[in-house]
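What follows is a short report on a single structure.
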Amino acid sequence: MLKKLIRKSLETAANTYIKRIEVKGRTNLPKVGIYAGNHPSGLVDPMVIMTALPHIDFCSVAKSSLFTSPVVSFFVKTMEAIPVAKPAGTDANSTTILSQSETKAINSNMFFIAQQRLENNTSIIIFPEGTCHDQPSIKELKIGTAKIALEIAANSNSSVRIPIIPTGLSYSSPSGLQFRGKVLVDFGRPVHITDRTLALYKAGDKEAKYKICQQITDRIETAIRDVTIKTPQWNHLLILYCLENNLPPPPENLSIVESRKSYFDLTGAKTFASSEFHDREFVNHLHLARRIYRPSAVPLSLAQYASLTRNFLKISIKRAHTPEFQKIWKLLVAYKSELDELEVRDSYIELHKKNSDPLNERLKNLREKAGAKIAKLIFFAPLSLFGTAIHFPMGYLSYKLGNALGTADEDGDTSVVATMRMISGLVSLTLAYPILGVATSFTLNTSAAFLPTQLLLASSAYAALKYPITDVLTSARGSFRLLTKRDNIDTMRDKRATLQGLIREFADKNATNKDMVGWWKDPERYVSRMKVDLLAERIVEAEKLRRVTQVDFEKAEMTEMSIELVRNKRVEGERAVLTYKQNLTNDRAIVWLPGRNDSFFHVHVLQQLLDAGYDVFALDLRRCGRAKVDEHGEKVVVDLLAHDSNNFREYFEELDATFKFLKTPKMCGKDYSKIVLFSHSTGSLIAALYGQEGGWRGSIDGFIFNSPFWMWNLKRIEKAVVENCSKLPQDFVLDEGGGVSEYSREIKRTYHVPELLKSDKLLATTAGWCKEVTEVQGMLSDGKLKLGRPVLVLSTKGDEVLNFDDINELSGMLCEEEHLVEREIGTGGLEGDSCHDVLAANSVVRVDEAMGEIESFLKARFE
């Protein structure tokens with residue numbers, strides 16, 4: 001409880017200090033992982049990651065000296081941080097000197113604690129650089145992150161594989177110094193520990209293990225570079241250039257400055273070979289070049305800005321020696337210098353036309369805004385002005401203290417300034433609010449004024465942040481400066497136009513992607529085409545991965561367990577089969593109940609369900625799927641009569657056995673906190689009936705119905721026949737089956753399902769089966785199937801078997817409105833159609849859409 005309270009406070013602080021946190025790469029995130037990121041802003045970095053992913057439980061790795069600090073130790077212990085000890089003499093800020101044996105003991109224990117946290121579904125935040133800094137480069141990574149992942153896998157007999165998620169933090173200002181700035185949190189593709197790597201690690205000696213750790217660390221560094229805006233590894237770039245041009249290899253152990261200087265010397269880019277030239281200066285100027293390059297009318301997300309800047313960085317470094325780039329750089333530096341001298345931003349130059357009145361232009365822009373927005377500004381202006389005035393002393397004090405305490409070295413590194421500003425701000429607010437409340441109560445001579453004072457302070461702070469007066473003042477100051485220096489600004493507009501033309505020409509000439517050539521002429525068309533191309537590419541690639549083969553079934557390594565039956569057996573050897581897969585860290589389960597002529601072949605979503613925290617238990621009812629054969633592989637039912645039943649309650653025996661197995665830790669090895677019953681088509685009728693009458697129905701915490709068979713979708717005469725089957729003998733065959741099932745064949749084109757699990761043929765239909773379907777459907781429509789637990793119903797207009805409207809109309813009969821979630825899976829467009837089984841559609845996008853709805857439901861209702 002205390003951890004949640006402190007985390008909520010930290011998230012509030014982060015959202016107060018940072019105006020916008022944009023997240024990219026959510027689809028790359030597993031349920032539990034090691035988040036390894038760059039470290040530009042001290043304490044702010046883990047706070048930003050936690051705020052970006054509020055649904056994930058986190059802890060972080062922190063240096064051991066923090067655990068002995070009087071104040072900080074309370075927070076790091078409460079947030080379940082993991083202590084790590086640095087070798088003696090490497091931690092300049094620590095006053096405690098640890099012996100070699102103490103350091104070894106702490107670091108050995110770190111792996112044990114990390115494994116405990118991960119097994120408890122707590123993800124770990126770690127910064128492999130080992131220190132925070134404000135440079136646009138990545139320092140040499142420590143091998144600890146790789147070693148944690150490898151040690152956990154090795155110590156768990158290979159059963160626990162924790163992915164490492166590269167995490168890029170890109171602030172709109174260096175190290176997040178700007179109050180109310182922005183930050184992009186970019187999650188890359190996870191780095192996994194392969195079977196071969198783990199086997200080599202477990203069998204290797206100390207030196208071999210170190211090399212493997214270094215190999216994984218190199219992969220982590222490459223992955224982090226892909227999600228950040230960083231200058232390259234100059235030593236690697238220098239070595240590569242020498243190899244490509246048949247030059248002698250460079251000396252070993254060159255510093256970053258020496259490697260960069262040597263690279264630019266060799267390539268002929270003398271401008272950048274000076275030791276006084278800094279990476280930060282290079283990146284800042286390229287940020288400006290990127291801004292000039294793009295059309296002003298094109299709004300870009302932080303992720304798009306980052307991608308564009310990375311491309312600029314790669315091209316610029318590669319072509320830095322050319323006369324074209326040298327000319328651009330010279331003009332760019334001069335333009336930036338003039339901006340700084342006039343104390344204006346490039347956006348002011350860009351927005352105002354030549355010989356225009358900037359103040360009038362701003363008033364015109366304001367008039368063109370929506371009236372509601374103007375009304376809000378007018379309404380909140382007094383409160384915002386009051387909030388700005390009352391909080392200014394606290395903000396100014398925090399700003400000064402942050403600068404004084406945060407600059408840690410002679411080079412002026414500012415990576416902890418934002419952290420110190422935030423801490424100073426929290427402390428000042430914590431002290432100031434009660435003092436102002438007491439002072440107001442004393443002045444008004446009533447204690448009743450204390451609470452209203454706190455509310456007024458908080459609301460004024462919100463208004464000041466949401467509708468800042470400072471933005472108005474800054475805008476007015478910039479406009480006034482432009483007005484008074486119109487001649488200078490007009491000259492700069494001409495220079496900007498020249499520079500823009502040169503940059504665009506350079507970018508088009510050196511574009512690695514031909515589609516980027518001239519995109520600035522019609523950016524909206526390009527962006528639309530790019531989205532279509534990316535989606536098409538994603539579908540093609542994902543479809544390749546989605547193809548299910550016999551190899552995929554074998555790789556799934558699911559455990560198969562026979563359920564011995566006692567009652568209502570048609571032949572000896574008849575059984576039910578439970579096929580399941582468990583993840584060591586999961587404490588929830590899904591029981592999967594297939595439909596008619598169906599079984600669990602959905603290994604393409606198995607890992608996704610496991611990563612969501614749910615073990616999967618697929619039940620083949622008697623005479624269905626894997627249960628069509630006995631333990632010796634002999635058939636126990638005629639193929640066309642598989643899945644036939646004249647009493648759905650006969651299935652309660654195997655359902656009871658399944659839920660008893662899951663609720664008995666000695667049997668399944670787990671103590672499941674939540675169990676969700678997933679069912680498809682006819683299986684949904686059985687699931688709903690069991691949820692109403694079953695012996696272990698109390699074990700079910702929720703239901704997911706995939707295209708449930710709530711009503712016959714037949715012509716009027718056919719429907720009349722099946723609904724009156726109770727008057728016929730139960731074994732009377734209405735349809736002998738045996739024809740080709742086009743639906744099954746269509747599924748098998750993508751999912752190569754064995755005949756045992758899904759037949760190509762249409763099954764025989766008996767009067768007893770039709771009678772039972774009609775009876776349970778009637779119970780639903782009469783309101784006699786009330787589940788009283790959370791229910792998700794998935795359906796689609798692309799259903800080839802059932803009627804979409806019938807499903808939606810009758811689903812409301814299952815439970816109260818607050819328990820019911822109905823979701824339509826899309827059809828049409830480039831994304832393709834869904835189908836009767838929304839998790840077996842030909843379109844990978846539609847399958848992902850359905851899985852997204854399932855994961856959202858599970859998180860919202862059971863976490």
Side-chain angles (χ1 to χ4, degrees), residues 553 558-580 590-603 616-659 661 677-690 694 705-709 730-731 733 735 737-738 741 743-744 747-748 751 753-766 768-770 772-773 776 801 836-837 839-840:
F553 286 106
M558 298 185 75
T559 302
E560 187 175 299
M561 181 181 79
S562 284
I563 298 177
E564 184 179 349
L565 302 176
V566 177
R567 303 184 296 275
N568 301 314
K569 292 194 296 183
R570 294 186 180 182
V571 297
E572 283 301 318
E574 198 166 89
R575 61 172 184 156
V577 177
L578 188 64
T579 308
Y580 61 93
I590 283 181
V591 175
W592 188 291
L593 202 57
R596 177 177 164 87
N597 190 19
D598 197 16
S599 183
F600 180 80
F601 59 84
H602 306 69
V603 292
V616 177
F617 295 81
L619 177 61
D620 284 302
L621 303 169
R622 62 189 72 195
R623 303 182 295 279
C624 301
R626 296 168 179 83
K628 288 191 288 187
V629 298
D630 63 17
E631 291 182 321
H632 305 291
E634 300 294 329
K635 288 186 179 180
V636 296
V637 62
V638 177
D639 286 340
L640 296 183
L641 285 175
H643 298 266
D644 181 59
S645 173
N646 53 38
N647 181 4
F648 287 169
R649 291 173 179 83
E650 72 178 339
Y651 296 136
F652 283 11
E653 183 179 359
E654 47 260 53
L655 281 163
D656 285 344
T658 297
F659 285 105
F661 178 75
L677 180 54
F678 175 98
S679 59
H680 169 55
S681 196
T682 309
S684 295
L685 290 174
I686 300 167
L689 184 64
Y690 188 84
F705 296 107
N706 170 9
S707 300
F709 189 11
Q730 292 186 356
D731 58 354
V733 178
D735 187 336
S741 171
Y743 170 67
S744 293
I747 291 229
K748 286 189 173 187
Y751 308 91
V753 188
E755 184 70 13
L756 181 69
L757 304 186
K758 194 172 191 69
S759 175
D760 284 339
K761 299 177 181 178
L762 293 168
L763 301 184
T765 304
T766 64
W769 184 80
C770 292
E772 195 65 11
V773 168
V776 181
V801 180
H836 178 50
D837 183 350
L839 293 181

Give a yes or no on this: more than 12 heavy atoms of other residues, nucleotides or ligands lie within 6.0 Å of atom NZ of K761.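 No, not enclosed.
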Not counting sequence neighbours, which residues clear ring-ring contact (aromatic ring centres under 6.0 Å, His included) with Y580? List them please.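 If we apply the ring-ring contact (aromatic ring centres under 6.0 Å, His included) test to Y580, skipping adjacent residues, the hits are F617, F661.
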Could you state the interatomic distance from [atom1] ([X]) to [atom2] ([Y]), rounded to the nearest 0.5 Å?
X    : Y    : atom1 : atom2 : result
H836 : D598 : NE2   : CG    : 8.0 Å
R649 : R567 : CZ    : CZ    : 13.5 Å
E755 : K628 : CD    : NZ    : 6.5 Å

Between E572 and V636, does the side chain to side chain contact (heavy atoms under 4.5 Å, CB included) criterion hold? Intermediate values first, please. CA-CA 8 Å; E572 283 301 318; V636 296; over 6 Å; no
For F648 and Y651, take the angle between the two ring planes, folded into 0 to 90°, and tell me which bin it lands in: parallel under 30, tilted 30 to 60, perpendicular over 60.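 If you compare the ring of F648 with that of Y651, the planes turn out parallel.
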Ring-plane angle category for H602 and W592, please: parallel below 30°, perpendicular beyond 60°, tilted otherwise.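 H602 and W592: tilted rings.
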Side-chain H-bond candidate by donor/acceptor type, R596 with S681, under 3.5 Å: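 Checked: R596/S681 side chains show no N/O donor-acceptor pair below 3.5 Å.
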With a 3.5 Å cut-off and no angle check, do the side chains of D644 and T766 form a donor-acceptor pair?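 T766 and D644 do have a side-chain donor-acceptor pair below 3.5 Å.
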Pair N706-D837, side-chain hydrogen bond (donor to acceptor under 3.5 Å, both in side chains): steps then yes or no: CA-CA 7 Å; N706 170 9; D837 183 350; 2.8 Å; yes
ring-ring contact (aromatic ring centres under 6.0 Å, His included), that's the test. Do F678 and F600 meet it? Break it down for me. CA-CA 11 Å; F678 175 98; F600 180 80; 9.0 Å; no
Hey, are R575 and E564 close enough for a salt bridge, meaning a charged N less than 4.0 Å from a carboxylate O?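 A salt bridge is absent here (no side-chain N lies under 4.0 Å from a carboxylate O).
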L578 and side-chain contact (heavy atoms from CB on, under 4.5 Å): which partner among T559, V591, I563, D620?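 Passing option: I563.
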Please name all residues satisfying side chain to side chain contact (heavy atoms under 4.5 Å, CB included) with N646, sequence neighbours left out, ordered by chain then number.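 Once residues adjacent in sequence are excluded, the partners of N646 under the side chain to side chain contact (heavy atoms under 4.5 Å, CB included) criterion are R570, Q730.
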